[in-house]
Amino acid sequence: MTTDKLRVLVRVDLDCAKALVATQGRVTSKSIHGLYDVMKRANSLTAGMTLELDMTRAWIEPDALEELRTCSRSHHLPAHVDPLQSEYRLSILAPDYAALLGPLATQAA
């Protein structure tokens with residue numbers, strides 16, 4: 001069961017330059033900005049950090065998931081979040097239902 005409150009746990013392995021950002025709760029186009037702040041901080045810990053964003057225990061709006069996928073493809077956070085456009089090595093573990101929502105959201109548009 002998810003709640004509206006966004007909860008984030010970050011596990012960092014500095015030796016392997018990897019951070020796991022595990023998210024629970026509801027991720028919306030508004031709450032995603034808090035997630036971006038966490039991602040920026042984790043990415044700043046060491047050069048070449050790999051971020052793995054685990055969304056499997058979260059409920060994520062299709063628009064928010066698409067924002068994250070765009071960040072993953074471009075290797076950058078949105079410019080209004082990170083004006084310096086730092087490089088991000090980001091992978092996303094999305095919830096199972098998100099695979100269904102993506103095509104449905106596209107068809108509705």
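The residues of the chain are indexed from 1 along the displayed sequence. These numbers come from the heavy atoms of this one structure, side chains and all, not from hydrogens, waters or symmetry mates.
Between Leu35 and Thr23 there is a side-chain heavy-atom pair separated by less than 4.5 Å. At least one side-chain heavy atom of Pro95 sits less than 4.5 Å from a side-chain heavy atom of Ile60. Ser29 has its side chain within reach of Glu67: a pair of non-hydrogen atoms, C-beta onward, lies under 4.5 Å apart. Residues Glu52 and Leu93 form a side-chain contact, since some pair of their non-hydrogen atoms from C-beta on lies under 4.5 Å apart.
Distance check: Lys5 NZ to Arg26 CZ gives 15.5 Å after rounding to the nearest 0.5 Å. In this structure, CG in Leu20 is found 7.5 Å from NZ in Lys18, a value given to the nearest 0.5 Å. In this structure, CG in Leu90 is found 8.0 Å from CG in Leu77, a value given to the nearest 0.5 Å. Rounded to the nearest 0.5 Å, atoms CG (Leu68) and CG (Leu53) are 5.5 Å apart. For the atom pair CZ of Arg89 and OG of Ser72, the computed distance is 11.5 Å after rounding to the nearest 0.5 Å. Here NE2 of His33 is found 8.5 Å from OG1 of Thr28. Values are rounded to the nearest 0.5 Å.
For the pair Val12 and Leu14, the tightest heavy-atom approach, listed with the atom from each and the gap, is CG1-CD2, 3.6 Å. Closest approach of Met39 and Tyr88 over heavy atoms only: O-CE2, 3.8 Å.
Linking ILVMFWY side-chain heavy atoms closer than 4.5 Å, directly or via other members, places Leu45 and Val8 in a single hydrophobic cluster. A continuous path of ILVMFWY side-chain contacts below 4.5 Å connects Ile92 to Leu6, so both sit in one hydrophobic cluster. Linking ILVMFWY side-chain heavy atoms closer than 4.5 Å, directly or via other members, places Leu51 and Val10 in a single hydrophobic cluster. At a threshold of 4.5 Å between side-chain heavy atoms, the hydrophobic network of Ile, Leu, Val, Met, Phe, Trp and Tyr places Met49 and Leu84 in two separate groups. Grouping the Ile, Leu, Val, Met, Phe, Trp and Tyr side chains by contacts below 4.5 angstrom, directly or via other members, places Val81 with Val38.
Using a 4.0 Å cut-off between charged nitrogen and carboxylate oxygen, Arg73 and Glu66 count as a salt-bridge pair.
Between the His80 side chain and the Pro78 main chain, no donor and acceptor come within less than 3.5 Å of each other.
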